[in-house]
2 protein chains.
Amino acid sequence: MSNTVPMPPAAIRYADSELSFGVLRKSIGFRLRRVQLAVMAEAIATLAPLGLRPAQFSVLVLIDANPDLPQSKLSAALGIRRPNFVAMLHELESRGLTRRCISSGDRRINTLALTAEGQRLLRRANELHEAYESRLNERLSARERADLARLLAKLE
Amino acid sequence: MSNTVPMPPAAIRYADSELSFGVLRKSIGFRLRRVQLAVMAEAIATLAPLGLRPAQFSVLVLIDANPDLPQSKLSAALGIRRPNFVAMLHELESRGLTRRCISSGDRRINTLALTAEGQRLLRRANELHEAYESRLNERLSARERADLARLLAKLE
DNA sequence: TATTGTTATACTCTATAACTATA
DNA sequence: TATAGTTATAGAGTATAACAATA
């Protein structure tokens with residue numbers, strides 16, 4: 001009879017390994033989120049020694065790659081709302097990494113640039129970021145890297 | 001001479017399309033984040049008609065898939081800190097979707113279950129989620145879907 | 001009238017310390 | 001003493017409305 005074989009206590013039945021994720025197991029959205037969180041945690045740890053968060057790093061990269069970039073173009077490109085971007089820029093500026101200049105053509109526009117110190121910090125951050133990407137890429141072959149980039153582009 | 005060909009004003013030079021993402025263009029971490037945000041936005045919109053956010057949906061799925069699951073096992077499985085999970089559960093419970101029962105074996109443990117109404121809502125949510133996943137999968141072939149799942153698993 | 005940058009503000013998510021009740 | 005659930009709280013991140021300066 002079944003009552004001669006008692007269920008083990010819940011705490012033992014549900015060791016982490018034997019838990020079911022149901023329909024989430026095959027969900028692209030769910031898997032994508034889990035991977036992104038794991039990868040992001042590595043990015044945060046990678047840049048932390050420089051006192052940079054990933055979002056700040058991306059701002060420095062885009063300022064460096066696009067001379068005299070208007071502030072609103074940058075925030076739009078990174079999907080940051082204008083009001084939220086003001087505080088971000090203020091922090092970078094107060095650390096002496098970036099500069100805002102009123103555009104000579106249109107006095108409503110702030111164009112952005114890196115200071116010499118901002119350029120130095122970005123060089124160091126680029127080295128850390130390169131090593132971080134290499135660590136991610138080590139888990140994939142060259143072919144897999146290209147495949148992943150292509151597949152991600154199809155979903156975006 | 002170069003000064004006979006003046007630069008166009010910044011606002012025109014930096015139309016969104018011609019902006020450079022520098023080293024971020026090939027960054028797996030950066031691309032993964034962008035795609036995840038886009039896909040997550042669709043998930044939020046998909047479940048919104050039921051008043052469910054993706055995180056709440058995942059909680060309902062795991063409670064349904066794991067009978068008498070202890071509360072802390074569930075929060076750990078989803079990467080939600082125990083203190084933050086309390087408020088989440090409280091909201092689901094106040095909406096009559098979930099139930100907490102003190103475990104008979106260990107009175108410190110809350111085991112979780114769906115109410116009849118929680119089961120009904122989950123059925124509807126599963127339909128919406130299925131359609132959402134189908135929309136994502138439409139952008140990929142069967143082969144590409146399998147490849148993506150495999151590549152994401154390698155990065156996690 | 002429209003746009004850029006800004007302020008103020010609020011809501012969600014996430015993180016930690018410390019309490020309680022049980023074991 | 002250790003663990004599960006809880007409370008309180010603080011910090012990011014993100015969202016909108018409204019204002020000043022400029023076009």
Side-chain angles (χ1 to χ4, degrees), chain A residues 9-12 14-16 33-34 36-38 40-41 43-45 47-48 51-59 68-94 98-112, chain B residues 9-12 14-16 33-34 36-38 40-41 43-45 47-48 51-59 68-94 98-112:
Chain A
I12 292 178
Y14 286 108
D16 296 348
R33 174 162 169 80
R34 304 281 288 212
Q36 198 274 320
L37 285 175
M40 177 64 110
I44 291 171
L47 293 169
L52 284 180
R53 281 156 294 172
Q56 294 174 313
F57 173 64
S58 66
V59 168
D68 298 323
L69 182 61
Q71 182 171 328
S72 59
K73 294 292 177 193
L74 175 39
S75 70
L78 290 175
I80 304 169
R81 309 269 161 153
R82 257 85 70 175
N84 298 329
F85 193 51
V86 173
M88 259 188 91
L89 264 188
H90 183 268
E91 187 184 336
L92 293 173
E93 204 167 336
S94 72
T98 61
R99 228 179 319 132
R100 284 178 296 181
C101 297
I102 295 175
S103 169
S104 49
D106 184 337
R107 293 175 51 79
R108 293 174 302 184
I109 291 176
N110 282 346
T111 63
L112 304 176
Chain B
I12 291 179
Y14 285 108
D16 297 347
R33 174 163 169 79
R34 302 282 287 212
Q36 199 275 322
L37 286 175
M40 178 63 110
I44 291 171
L47 293 168
L52 285 180
R53 281 155 293 171
Q56 295 174 313
F57 172 64
S58 66
V59 169
D68 298 323
L69 182 62
Q71 181 171 329
S72 59
K73 294 292 177 194
L74 176 40
S75 69
L78 289 175
I80 303 171
R81 309 270 162 154
R82 259 85 70 174
N84 297 329
F85 193 51
V86 173
M88 255 187 95
L89 265 189
H90 184 268
E91 187 184 336
L92 293 175
E93 204 167 337
S94 72
T98 63
R99 227 181 320 134
R100 285 177 296 181
C101 297
I102 294 174
S103 169
S104 50
D106 184 338
R107 293 174 52 77
R108 293 172 302 182
I109 291 177
N110 284 346
T111 62
L112 303 177

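Throughout, protein chains are lettered first and strands after them, A, B, ... in sequence-line order, and every chain is numbered starting at 1.
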Between C1' of D:dG13 and CZ of B:R53, the distance in whole Å:
15 Å

Side chain of A:Q71: nearest nucleotide among C:dT6, D:dT16, D:dG5?
C:dT6

With respect to the phosphate group of C:dT6, does any side-chain polar atom (N or O) of A:R100 fall under 4.0 Å of OP1 or OP2?
yes

Do A:R99 and A:E93 sit within salt-bridge range, that is, some charged N less than 4.0 Å from a carboxylate O?
no

If you assign each of B:L37 and B:S72 to its closest nucleotide in DNA chain D, which residue comes earlier from the 5' end?
B:S72

If you find the nucleotide of DNA chain C closest to A:R33 and the one closest to A:R108, which residue's nucleotide is nearer the 5' end?
A:R108

Would you indicate, yes or no, if D:dT6 has its OP1 or OP2 atom less than 4.0 angstrom from a side-chain nitrogen or oxygen of B:R82?
no

Does A:R107 make a side-chain N or O approach to OP1 or OP2 of D:dA21 shorter than 4.0 Å?
no

Do the side-chain N or O atoms of A:R81 get closer than 4.0 angstrom to the phosphate oxygens (OP1, OP2) of D:dA15?
yes

How close or far is atom P of D:dG13 from atom CE of A:M88, stated in whole angstroms?
8 Å

B:I44 CD1: over 12 foreign heavy atoms closer than 6.0 Å
yes

A:N84 vs A:N110, nearer the 5' end of DNA chain C by closest nucleotide
A:N110

